[in-house]
Every structure is written in structure tokens, then in C-alpha cells.
**Q** 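Here it is, the structure in full.
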Protein chains: 2
Amino acid sequence: MTRFDPAQVMTAGCLCFRTRRLSRLITRAYDEALRPTGLQATQLTLLNAVAMGGADGQPMPRLTSILAMDATTLSRNLRPLEREGLIGIRQREDDRRARVAWVTPAGEARLEAALPFWRQAHSRIEAALGPDLADGLREGLDAAAGALSN
Amino acid sequence: MTRFDPAQVMTAGCLCFRTRRLSRLITRAYDEALRPTGLQATQLTLLNAVAMGGADGQPMPRLTSILAMDATTLSRNLRPLEREGLIGIRQREDDRRARVAWVTPAGEARLEAALPFWRQAHSRIEAALGPDLADGLREGLDAAAGALSN
DNA sequence: ATCAGGTACTTGTATATGCAAGTTCATCGT
DNA sequence: ACGATGAACTTGCATATACAAGTACCTGAT
């Protein structure tokens, strides 16, 4: 009789392990494809999220909500983008605590220049997974994020 | 006619964004439940992976393969566990480059003590997602990791 | 008018992640 | 024997992530 083995129990079903593992795999694939753009996958995602705010920019709480990211992480992740002049951050007049991030012209240019490389990364992943798995996974990821975002 | 908008294109289908976002959500939930154990989700996963090697321990390349993690990351992630005396690392006699990680008695005890808290985290997530979504997601994550691990 | 409570954000600290480059060592061909 | 090649690992660097705790500021109740 073999003794009790916690090891098997956890790896058997752990969604945390699985999500993080896939996160590493996909992020490396994207980072590699994005190398020529000078942006990492995380940075492109963030720049894109800021760009979704249009000319008005995005309030920080909106970004933390979209990305499901801690405010301190957001704050620090914005810095490399700001340092490179791709985004700006301004205070709101009506609430001096609040800050709004907006994309500079340089940031817009960089975003458009990065698009083909993003597409390439995307295609490679979709090809590796096949359309059924890719679509199913996307749906599952969205549904799970929705279920945990409250 | 609205102008071309890269922002929508990327968020529309990006698996990298989605996987990382869910990773953050799930990791936070696990970390919170595991707080009493003094281990973070990543650390418990790693300790568990080492424990899977049994008395022989796990060679580093085996761990990087199981976890789909860069060797440098693995190397550094092992350190907190070693510092706390939960694992040991020894050289192999037949290949002095190679190292093997093994779980100490203290590590085994910690692992068993952590199990109920891991179960609690697991149950909470499964309950939030519902069984269908949880199972489907797990399968998708495994299949995708398999497809990208070559 | 003020103050209590809550929101928005930053700083300090610790871990997580991976690329580039270096060191050590095994292996294989000659 | 020995040199070329490559495998295993570490160090340096930069970014990613989040909790704890602190500061600044708004808002609503009295």
C-alpha cells in the first residue's frame, strides 16, 4: 500500500497551475513575435487598453477593471510606456486624486506598427491550437474571468 | 466613417491578454486562501512538483518541462523554498553539472498541512465557475499547453 | 464648518518571469 | 589525448505582480 500522496492530488486538477503554465507558454510566444516592435506582450496589451479610451484617455480604475490587475501593478506597468513617450498621464480637474492615461501620437504610431506582429503571433498560436481549441479556450477564459471578477 | 482602430482588433481575440488576466484572478484567489500556510500558489505548485519526484527528487530539466518554465526562473523560484528548509538541492554524482531537488521532512509536513487550504481554494474557484466551465477550461488549458510545449 | 469614512494613488518590499551572456562539465569525433 | 559541441546551470538585468502601509483628497452626515 503506497502512502498518501498530496503531490498527485494537486496537480490533478489545479486551475492555478494550469493557467499560469499556459500563461508562460503563450507570453513567451507573443514576446518572441513582438521582439521587433520593442514592446512586450504585457506592454502592448496595456497600451492597447489605454488606446481604447480614445482621445479622452482611460481613468485608472477603468484600466484595473479591464485588465483585472491590482492598482499598484498598473501604476508601475504604465511607467515604461510613459518613459518611452508612448502614453501620457494627466490629473483630472474635477478630482485631483484621479489620473487619466492617454496615448501620445508616438504611442499610436507604435501601436499601428506593432499590429502586424501581433497578428503574426496570434496566427501562430491559433494554428498551433487549431480553430476549435482556440475558440473554445477563448470562451472559457472569458467566462471564467467574468465569473471571478466580482 | 470611424477611423482604423487597432485597439479593438487586439482585445477582440488576444489569447495572451485573456490567459494572463485569468492568471492574475486565479492566482490572487489561491494566494488568499493559502495565506495561513505561508506558501504562495506558485511556491506550493513548485513544492508539489518537486514532491512528485519522490525520494529520488526531481532533476531540473524535468521540473522545467513539467512547469513549462524557463530554467533561470526555476532556479530562482527554488530559492525561497530552500531558504525555508522545505527542499534540498544536491548534485548528481554521475553528472556534476546536474542538480536534483528533493523535499525535506519539513517540506513534506508543510505540503500536507497546506493540502486542506489548497482544497478550499480549489472548491471556491470550482463553485464560482460551475462544474461545466471548470472542467471545460481545465481540458482546454491542458490541450493548449500540450500543443505549445513542442 | 468639520470630521469620519472611503476612494485614488504611491512607495516599500518580496516574489515571478525570462533573455543575454557567462561558467562548468559531459560527450563525441578524430 | 584532445578539441569542438552542446547541455546544465548561474548571474545580471529588466519587467510583472501584488500586499501592506502611507498620503492626498473627495463626500456625506452632523
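A quick note: this is a predicted structure, and the numbers were derived from the prediction, not measured. Protein chains get the first letters and strands the later ones, always in sequence-line order, with residue 1 at the start of each.
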**Q** Could you run down the sub-3.5 Å N/O contacts of the protein with nucleotides 5-9 of chain C?
**A**
| unit_1 | atom_1 | unit_2 | atom_2 | d |
| --- | --- | --- | --- | --- |
| C:dG6 | N2 | A:Arg97 | NH1 | 3.0 |
| C:dT7 | O2 | A:Arg97 | NH1 | 2.5 |
| C:dC9 | OP1 | A:Arg99 | N | 2.5 |
| C:dC9 | OP1 | A:Arg99 | O | 3.2 |

**Q** Distance check needed: D:dC25 P versus A:Gln91 CD, whole Å only.
**A**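 My rounded result for the distance is 8 Å.
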**Q** Does B:Thr19 use its side chain to pair, donor to acceptor, with the backbone of B:Cys16 at less than 3.5 Å?
**A**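 The answer is no, because no donor-acceptor pair under 3.5 Å joins these two groups.
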**Q** Measure CZ/B:Arg79 against P/C:dA14 and give the value in whole Å, please.
**A**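 Those two atoms, CZ and P, are 16 Å apart.
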**Q** Check whether B:Gln58 reaches the backbone of B:Leu63 with its side chain - one donor and one acceptor, N or O, closer than 3.5 Å.
**A**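 Not at all, since once roles are kept as given, no pair shorter than 3.5 Å links the two residues.
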**Q** Check whether B:Thr73 reaches the backbone of B:Met69 with its side chain - one donor and one acceptor, N or O, closer than 3.5 Å.
**A**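 Between the backbone of B:Met69 and the side chain of B:Thr73 there is no qualifying donor-acceptor contact (under 3.5 Å).
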**Q** Would A:Arg20 pass as a cation-pi partner of A:Phe17, given that its NZ or CZ must be under 6.0 Å from the six-membered ring centre and within 45 degrees of the axis?
**A**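 No, A:Arg20 does not lie over the aromatic ring of A:Phe17.
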**Q** Which residues, if any, of residues 28-47 of chain B bring a heavy atom under 4.0 Å of DNA chain D?
**A**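 Those residues are B:Arg28, B:Arg35.
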**Q** Run the salt-bridge test on B:Glu84 and B:Arg79 with the 4.0 Å N-O cut-off and return the result as yes or no.
**A**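 No, no charged N to carboxylate O under 4.0 Å.
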**Q** Could you tell me whether the phosphate oxygens of D:dA16, OP1 or OP2, come under 4.0 Å of any side-chain nitrogen or oxygen in A:Thr73?
**A**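 Checking A:Thr73 against D:dA16: no side-chain N or O falls below 4.0 Å of OP1 or OP2.
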**Q** CG of B:Leu78 versus C1' of D:dT11: gap in Å, rounded?
**A**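 The answer, rounded to whole Å, is 16 Å.
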**Q** Rounded at 0.5 Å granularity, tell me how far CG in A:Asn48 sits from CD in A:Gln43.
**A**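 Between A:Asn48 CG and A:Gln43 CD, I get 13.5 Å after rounding to 0.5 Å.
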**Q** Please classify the nucleic acid contact of A:Arg92 as base, sugar-phosphate, or nothing, using heavy-atom distances under 4.0 Å.
**A**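 Result for A:Arg92 = nothing.
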**Q** Looking at D:dT17, C:dT17, C:dT11, which one has an atom nearest to any side-chain atom of A:Met69?
**A**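 For the A:Met69 side chain, the nearest candidate turns out to be D:dT17.
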**Q** Any salt bridge between A:Arg138 and A:Asp135, counting N to O under 4.0 Å?
**A**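 A salt bridge links A:Arg138 with A:Asp135.
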**Q** Taking only Lys NZ, Arg NE, NH1 and NH2, and the carboxylate oxygens of Asp or Glu, determine whether A:Arg62 and A:Asp56 approach each other closer than 4.0 Å.
**A**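 A:Asp56 and A:Arg62: not salt-bridged.
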**Q** Begin from the C-alpha positions of B:Arg21 and A:Asp142 and carry the test salt bridge (charged side-chain N to carboxylate O under 4.0 Å, His left out) through to its verdict.
**A** CA-CA 9 Å; B:Arg21 182 183 49 173; A:Asp142 280 342; 2.9 Å; yes
**Q** Could you check how far CD of B:Glu93 sits from C1' of C:dC25, rounded to whole Å?
**A**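 Atom-to-atom, B:Glu93 to C:dC25, this comes out as 15 Å.
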**Q** Under 6.0 Å from the six-membered ring centre of B:Phe117 and within 45° of its axis: does the NZ or CZ of B:Arg119 meet both?
**A**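 Relative to the ring axis of B:Phe117, which defines the angle, B:Arg119 lies outside at least one limit.
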**Q** Measure CZ/B:Arg96 against C1'/D:dA8 and give the value in whole Å, please.
**A**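 Distance, rounded to whole Å: 14 Å.
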**Q** Donor-acceptor pair, distance only, cut-off 3.5 Å: does the side chain of B:Thr64 make one with the backbone of B:Pro61?
**A**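 Checking the backbone N and O of B:Pro61 against the side chain of B:Thr64, a donor-acceptor pair under 3.5 Å is found.
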**Q** Report yes or no: is there a donor-acceptor pair, N or O only, under 3.5 Å between the side chain of B:Thr72 and the base of D:dC9?
**A**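 Check fails, no donor-acceptor contact within cut-off.
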**Q** What residues in residues 16-26 of chain B put a non-hydrogen atom under 4.0 Å from any atom of DNA chain D?
**A**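 Under 4.0 Å from DNA chain D: B:Arg20, B:Arg24.
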**Q** For B:Asp94 and C:dA26, give me the distance from atom CG to atom P, rounded to whole Å.
**A**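 So the CG-P distance, B:Asp94 to C:dA26, works out to 9 Å.
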**Q** Rounded to whole Å, please give me the gap between CG in B:Asn77 and C1' in D:dC9.
**A**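 So the CG-C1' distance, B:Asn77 to D:dC9, works out to 15 Å.
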**Q** May I have the distance from B:Arg90 (atom CZ) to D:dA8 (atom C1'), rounded to whole angstrom?
**A**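 Value for this atom pair: 17 Å.
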**Q** Quick check: any donor-acceptor pair below 3.5 Å linking the side-chain of A:Arg76 to the base of C:dT13?
**A**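 Indeed there is one.
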**Q** State plainly whether the residues A:Glu139 and B:Arg18 are in salt-bridge range, i.e. N to O under 4.0 Å.
**A**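 Salt bridge between A:Glu139 and B:Arg18, a charged N being under 4.0 Å from a carboxylate O: no.
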